[in-house]
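One structure below.
Reckoned from all heavy atoms, side chains included, excluding hydrogens, waters and symmetry mates. Since the structure is predicted, the reported quantities are computational estimates derived from the model, not experimental observations. Order of listing sets the numbers, starting from 1, for every ligand and every atom in it. Along the sequence shown, residues carry numbers from 1.
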Amino acid sequence: MIKIAVMGLGTVGTGVVKVVEANETPIYHKLGDKLEVKTALVRRFKENSPYRSLMTDQFSDIENDPEIAVVVETIGGVDAAYTYTKRALCAGKHVVTANKQLVAEHGCELLRLAKEHHVNYLFEASVAGGIPILHPLTQCMAANRVDEIYGILNGTTNYILTKMVREGATFADALKEAQEKGYAEADPTADVEGIDAGRKTCILSDLAFGHQTDPSVVPMEGISRIDLKDVEIAEKAGYRIKLLGRCLRLENDGRTAYVAPHVIPVDNPIAGVEDVFNAVVVRGNATGEVMFYGKGAGELPTASACVADVIEALQATPGRPEISWDDNTDGFRDPLELTSSYYVRVKGAPSEKFGDVKILSQEAGQSAFITSAMTGHEIQSLTADALACLRVLA
Ligand code: HSE
């Protein structure tokens, strides 16, 4: 019998216990032994919980238990999660997590610590929930130089945008539904303002380019400033608005990353990704574009990725060297240096400074159009008074 502990019994932690119970047989076949959740760390005991017998409020019960081989951290945030992760690794336990904030901010250090203690620190569930992306990126695409990754990386905002477009739901109602379904973060500001997608983008950049991408320097814009009018104009003209995280390799070992809403032609497969689904496109120099698609949030999809990492941690001892990056943050460049077309809405007609424009709508004294390609710096200087300005994904 292999015993594990779960730290945190929220949506994902509870899902981990359920997946281990429900999929006992396939897990047994992979491990050659039975897997059992022995202990669950909680802040408060819930007397009527079916998992009451697993609960402790003392981390030391996990840290000092020699039977516990793997700890699944689903506490979220940085404070307690960071401290307990370090202590678990130092106690010689593998740690698996869905905590993108912790990995984005401290992953480099935690991976180093895991290596020193001959254990694994794995975090497939931290990016795009149930979609396998970090393993394919680091293993199946290992023969490539990865030049770009972009994708819909937040289920909550994609769910909200879909409900607004398809059903005309208000932002507030759609967010409430996403919270009820267990998609949103404890504080949904991180979802809505692009911070959650930004942390995931940083992790993808770290693994793809091999250097730390510091979340505090990555521009992150969410969906709270999107006007329904632009959603409607875009739809009528054959485009869809989606929140994308994107990271790119630049010349001279440079790289950049950002999160922002994009206007996307409807014939691009990523424009058709709806509800809580995420999609991640990886561009390798040998493969070209490869797209990964599935549920990006929710109890069981995210728990599936955590439990797969538990199995992997036990099988891959002592460690996976390709899951690592260095702490060199030099080489990060402002994404405003990138060149792109933009969707712009202004009062009156477009100025000729926008180049050869494609008009999408002209009504009520306003024009919406797609500009010629220009840098982010150039578009900023031209759109101080614009009613909307969104990057176009070519
Ligand atoms: N709040 C996140 C989302 C959960 O909506 O995508 C999964 O990381």
Within the 4.0 Å heavy-atom cut-off, what N154 brings close to ligand 1 is both
How close do A128 and N278 get, counting heavy atoms only, and between which atoms? CA-OD1, 3.5 Å
Exceeds 12 heavy-atom contacts within 6.0 angstrom, atom CG of N64: yes
Quick check: does E185 get an N/O under 3.5 Å from an N/O on ligand 1? yes
Anything under 30° is parallel, anything over 60° is perpendicular, the rest tilted; go ahead and classify F277 against Y293. parallel
Under-4.0 Å heavy-atom contact with ligand 1, by part of T157 that carries it: neither
Backbone or side chain, does any N or O of G155 fall under 3.5 Å from an N or O of ligand 1? yes
For atom NZ of K115, is the number of surrounding heavy atoms from other residues, nucleotides or ligands below 6.0 Å larger than 12? no
Between Y121 and E73, is there a side-chain donor-acceptor contact under 3.5 Å, judged purely by atom types and distance? no
Got the closest protein heavy atom to atom 8 (O) of ligand 1, with its distance? K100 NZ, 2.6 Å
Among T329, D326, N328, whose side chain to side chain contact (heavy atoms under 4.5 Å, CB included) with Q212 holds? T329
Any atoms of ligand 1 less than 4.0 Å from a non-hydrogen atom of K200? List them with their elements. 2 (C), 3 (C), 6 (O), 7 (C), 8 (O)
Ligand 1 atoms nearer than 4.0 angstrom to some heavy atom of G296 are 6 (O), 7 (C)
From V71, I68, L54, residue fulfilling side chain to side chain contact (heavy atoms under 4.5 Å, CB included) relative to T39: I68
By number and element, which atoms of ligand 1 are closer than 4.0 Å to a non-hydrogen atom of T156? 1 (N), 3 (C), 5 (O)
Atoms of ligand 1 under 4.0 Å from any heavy atom of D191, numbered from 1 in the order shown, are 1 (N), 2 (C), 3 (C), 5 (O)
Using a 3.5 Å cut-off on N or O atoms only, is S126 in polar contact with ligand 1? no
